[in-house]
Asks: 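Just dropping this structure here.
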Amino acid sequence: MTNARPDHTPEYILVGVAWPYASGPRHLGHAAGAYVPPDIFARYQRMIGNHVLMVSGSDMHGTPITVAADKRGITPRQLAEENHAGIAASFERLGLAYDNYTTTLTPTHYRVTQDFFTTLLDKGYLFEATETAMYDPQAKRFLPDRYVEGTCPHCGYEDARGDQCDNCGRTLDPIELIDPRSKITGATPETRETNHFYLDLPKFQTALEAWVGEASVNWRPAVTGFTQGWLKEGLRARAITRDLDWGVPIPLPGYDDKRIYVWFDAVIGYFSATVEWGELRGEPDAWKKWWALDEHGRAPGRMYNFIGKDNVPFHTVIWPAMLMGYGGLALPYDVPANEFLTIDGMKLSSSRMYTARLPFLPEALELFDADAIRFFLTINAPENRDTDFSWDDFQRRNNDELVATYGNAVHRLLSFLQSKYDGVVPTPGDLTDADRAMLATMESTFSEVGNDIDKVKLRDGLRGVMALATALNRYLDDAAPWKTIKTDPERAATSLWTALQVVAALRVLSAPFLPFSAERLHTLLGDEGSVHALPWQPLGLPAGRSLPKPEPLFRKLEDDDLAALLDRLKPTVVDTGEPT
RNA sequence: GCCGACGUAGCUCAGCGGCAGAGCAAGGGACUCAUAAGCCCUUGGCCGGUGGUUCGAUUCCACCCGUCGGCACCA
């Protein structure tokens with residue numbers, strides 16, 4: 001990319017996006033929390049001329065996928081690949097511009113994961129130990145804690161899960177359960193001894209405390225608080241292997257019945273996906289530009305991990321520890337974790353009717369424009385706390401904000417140009433103070449919105465874009481070219497020209513947030529190529545250019561339409577293999 | 001139970017030591033280029049509760065209540 005201004009030294013920015021778990025489709029909450037924000041951020045960073053690599057992929061391993069596959073009588077690979085294809089298709093329709101969206105099943109990922117394992121083992125950061133685990137003799141498999149249920153020893157609740165009692169909220173050990181049974185077969189689990197490899201996190205305690213102390217200055221309070229909590233409690237070793245036949249094989253002889261477990265291999269994906277990106281381009285060393293520390297131990301750029309809040313310790317404690325142990329690779333610069341989207345004030349649920357659950361991405365994208373979805377998820381993004389989703393609010397923000405403020409500012413102007421000037425951009429006369437003020441506001445919006453996005457305050461950034469649209473509406477009302485065209489044609493022409501420059505800027509400013517409509521506006525302004533190849537600065541609209549007949553940028557959602565659409569949103573049941 | 005974040009106008013959310021803010025909703029007005037969209041004006045809050053620190057607290061501290069999340073075998 002050559003968008004850099006002369007005074008800008010391009011930075012290497014790695015945008016690592018949380019790896020969606022391929023157990024089923026993702027819903028709007030996932031998109032709001034982890035998937036749309038990095039896309040906005042990455043698009044902006046590209047426009048200012050940085051070397052951006054946005055990578056992620058589907059997380060294909062883990063127990064829930066094996067359980068769901070067993071129930072359907074297919075292999076875990078089939079199930080995961082089917083879900084991966086669905087997720088990738090949704091992401092494309094949402095406009096997520098990944099440089100590499102891959103999976104944890106690639107040869108590169110297996111090789112890199114095994115290399116991490118071997119290196120950490122050789123350096124003494126892994127150890128082997130025996131533990132007692134629950135085993136389902138009927139299913140012939142070991143059971144994770146939450147796949148065992150029984151009576152809670154604290155409150156007597158009969159359907160307590162092995163990890164936690166949903167009734168009294170206490171954390172449990174499955175061995176404590178009275179009358180335990182397997183969630184998969186109902187059989188009574190046995191306890192068995194089994195051997196596993198552990199990541200020796202206590203060895204990183206001091207180094208992590210030092211790193212978090214420095215790195216967390218710009219983190220969100222919840223991210224820092226959560227991380228400090230883990231550190232204060234004292235790190236414990238954590239098993240990184242499981243008794244499964246689905247996962248990355250352990251690169252040692254004699255461990256055929258065990259696999260490296262998902263959380264260990266999934267975070268490595270940020271790195272392996274970068275390596276794979278280079279390999280696919282025939283540049284096997286390209287990853288070094290984002291990851292390799294220099295001789296002073298300095299990172300080559302900034303590394304971001306966009307995740308949901310449930311994922312924080314993996315990205316601020318465990319993954320950094322793995323990177324420190326491996327050596328020579330950059331640690332995260334920021335981990336912008338979002339809170340959750342709730343639905344109609346309730347905790348989200350994937351098992352309720354549409355009125356009480358967040359829609360899955362495929363259905364949402366079937367019913368609504370991607371930009372309308374992106375707009376809602378960003379203008380009300382759960383950056384500091386949980387935010388609420390409701391269909392009323394979705395409709396209102398679409399109609400009263402996106403359509404009425406931004407869409408209409410563009411459309412009223414282009415329509416006026418079409419009807420009174422035959423669509424030809426007029427030549428301006430002398431600028432008034434009001435004209436100059438409008439253009440100055442437009443200029444400053446670039447730096448304001450840019451700063452917001454760079455600080456990952458995406459909600460503020462989008463509000464800044466909307467504020468410019470509002471300012472344009474005000475300017476037009478004040479200038480009233482529909483009046484001055486009768487009394488002072490040159491004044492009207494100048495007002496129109498000024499307003500058109502602002503619309504031309506809005507096309508650029510909105511591009512990271514609303515990529516599809518920005519592209520449509522780009523075309524409506526008679527420009528060639530893609531808006532996404534433009535630099536982050538005003539692009540003028542020359543006098544004399546003839547613009548095509550305008551069409552509204554966005555679709556208004558009428559009550560009847562919305563009701564009809566929601567009527568098609570039938571209850572969807574997806575078995576993700578998760579215990580309920 | 002323990003840890004963390006959050007609790008601000010009817011709704012959705014900003015602000016975080018010095019006369020309480022935005023958008024939307026509600027009420028009123030002038031206009032007509034526009035998907036009856038836009039613009040102007042107005043109404044509206046003991047900033048969850050109690051105590052403390054301070055000249056001064058929505059903002060800092062403690063406790064309480066509520067919501068959400070985590071508590072290491074979900075990812």
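Order of the sequence lines sets the chain letters (A, B, ...), proteins ahead of strands, with each chain counted from 1.
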Asks: Assign each of D145(A) and R555(A) to its nearest nucleotide of RNA chain B by heavy atoms, then name whichever residue's nucleotide is nearer the 5' end.
Replies: R555(A)

Asks: Do you see a donor-acceptor pair shorter than 3.5 Å between the side chains of N338(A) and R220(A)?
Replies: yes

Asks: Side chain of N408(A) only, please: which of rA37(B), rG4(B), rC74(B) is the nearest?
Replies: rA37(B)

Asks: Provide the distance between the two P atoms, one in rU58(B) and one in rA20(B), to the nearest whole Å.
Replies: 8 Å

Asks: Rounded to whole Å, please give me the gap between NE2 in H30(A) and P in rC74(B).
Replies: 16 Å

Asks: Check every atom of rC71(B), rC33(B), rA5(B) against the side chain of F416(A) and return the nucleotide holding the closest atom.
Replies: rC33(B)

Asks: Atom CG of N399(A) and atom C1' of rC24(B): how far apart are they, to the nearest Å?
Replies: 12 Å

Asks: What is the distance, to the nearest angstrom, from the NZ atom on K549(A) to the C1' atom on rA34(B)?
Replies: 13 Å

Asks: Strictly below 4.0 Å: does R397(A) bring a side-chain N or O up to OP1 or OP2 of rG23(B)?
Replies: no

Asks: Which is true for W230(A) with a 4.0 Å heavy-atom rule: it touches a base, it touches only sugar-phosphate, or it touches nothing?
Replies: base

Asks: Measure CG/L462(A) against C1'/rU12(B) and give the value in whole Å, please.
Replies: 14 Å

Asks: Please check the phosphate of rA25(B) (OP1 and OP2 only) for any side-chain N or O of R396(A) closer than 4.0 Å.
Replies: no

Asks: Please measure how far the P atom in rG21(B) lies from the corresponding atom in rA37(B), and state the result in whole Å.
Replies: 30 Å

Asks: Considering just the side-chain nitrogens and oxygens of R146(A), establish if one lies under 4.0 Å of OP1 or OP2 belonging to rC74(B).
Replies: yes

Asks: Let's see if you can work this out: which of rC39(B), rA72(B), rA5(B) has an atom nearest to the side-chain heavy atoms of R474(A)?
Replies: rC39(B)

Asks: Closest to the K309(A) side chain: rG69(B), rA72(B), rU35(B)?
Replies: rG69(B)

Asks: Report yes if some heavy atom in the side chain of V312(A) is under 4.5 Å from a heavy atom in the side chain of V335(A); otherwise report no.
Replies: no

Asks: For nucleotides 27-32 of chain B, which of its nitrogen or oxygen atoms have a protein nitrogen or oxygen under 3.5 Å away, and what is each distance?
Replies:
none

Asks: G308(A) near the nucleic acid: base, sugar-phosphate alone, or nothing, with a heavy-atom cut-off under 4.0 Å?
Replies: nothing

Asks: Does a donor on one side chain and an acceptor on the other come within less than 3.5 Å for T432(A) and D435(A)?
Replies: yes

Asks: Between rG28(B) and rU43(B), how far apart are the C1' atoms? Round to whole Å, please.
Replies: 10 Å

Asks: Can you check the distance between rC61(B) and rG17(B), where both ends of the measurement are the P atom (answer in whole Å)?
Replies: 11 Å

Asks: Taking the C1' atom of each, how far is rA5(B) from rC46(B), in whole Å?
Replies: 26 Å

Asks: From C-beta outward on N380(A), which listed nucleotide comes closest to its side chain: rC13(B), rA37(B), rC24(B)?
Replies: rC13(B)

Asks: Using a 4.5 Å cut-off on heavy atoms from C-beta on, say whether the side chain of F116(A) contacts that of I240(A).
Replies: no

Asks: Taking the side chain as everything from C-beta on, heavy atoms only, tell me whether D136(A) gets closer than 4.5 Å to Y147(A).
Replies: no

Asks: Below 30° counts as parallel, above 60° as perpendicular, anything between as tilted: where do the rings of H30(A) and H27(A) land?
Replies: parallel

Asks: Verify whether one side chain among T241(A) and H196(A) offers a donor that lies under 3.5 Å from an acceptor in the other.
Replies: yes

Asks: Mind calculating the distance between CD (Q395(A)) and P (rA25(B)) to the nearest angstrom?
Replies: 12 Å

Asks: Which listed nucleotide (rC74(B), rU35(B), rC71(B)) is nearest to the side chain of P144(A)?
Replies: rC74(B)

Asks: In whole Å, what separates the P atom of rG23(B) from that of rA14(B)?
Replies: 16 Å

Asks: May I have the distance from F314(A) (atom CZ) to rG69(B) (atom C1'), rounded to whole angstrom?
Replies: 14 Å

Asks: As a test of reading the structure: which of rC74(B), rG70(B), rC24(B) is closest to the side chain of D310(A), going by heavy atoms?
Replies: rG70(B)

Asks: Taking T316(A) as the fixed residue, which of T224(A), N305(A), T227(A) is the one that meets the side chain to side chain donor-acceptor pair (under 3.5 Å) rule?
Replies: T227(A)

Asks: Using the P atoms only, state how far rC60(B) lies from rG15(B), rounded to an integer number of Å.
Replies: 12 Å

Asks: Can you figure out which of rA37(B), rA72(B), rA34(B) approaches the side chain of H411(A) most closely?
Replies: rA34(B)

Asks: Is the ring pair F91(A)/Y101(A) parallel, tilted or perpendicular, if the boundaries are 30 and 60 degrees?
Replies: perpendicular

Asks: Where the side chain of K556(A) is defined as all heavy atoms beyond and including C-beta, which of rG70(B), rC71(B), rU35(B) is the nearest nucleotide?
Replies: rU35(B)

Asks: What interatomic distance, in whole Å, is found between C1' of rU8(B) and the corresponding atom of rG70(B)?
Replies: 26 Å

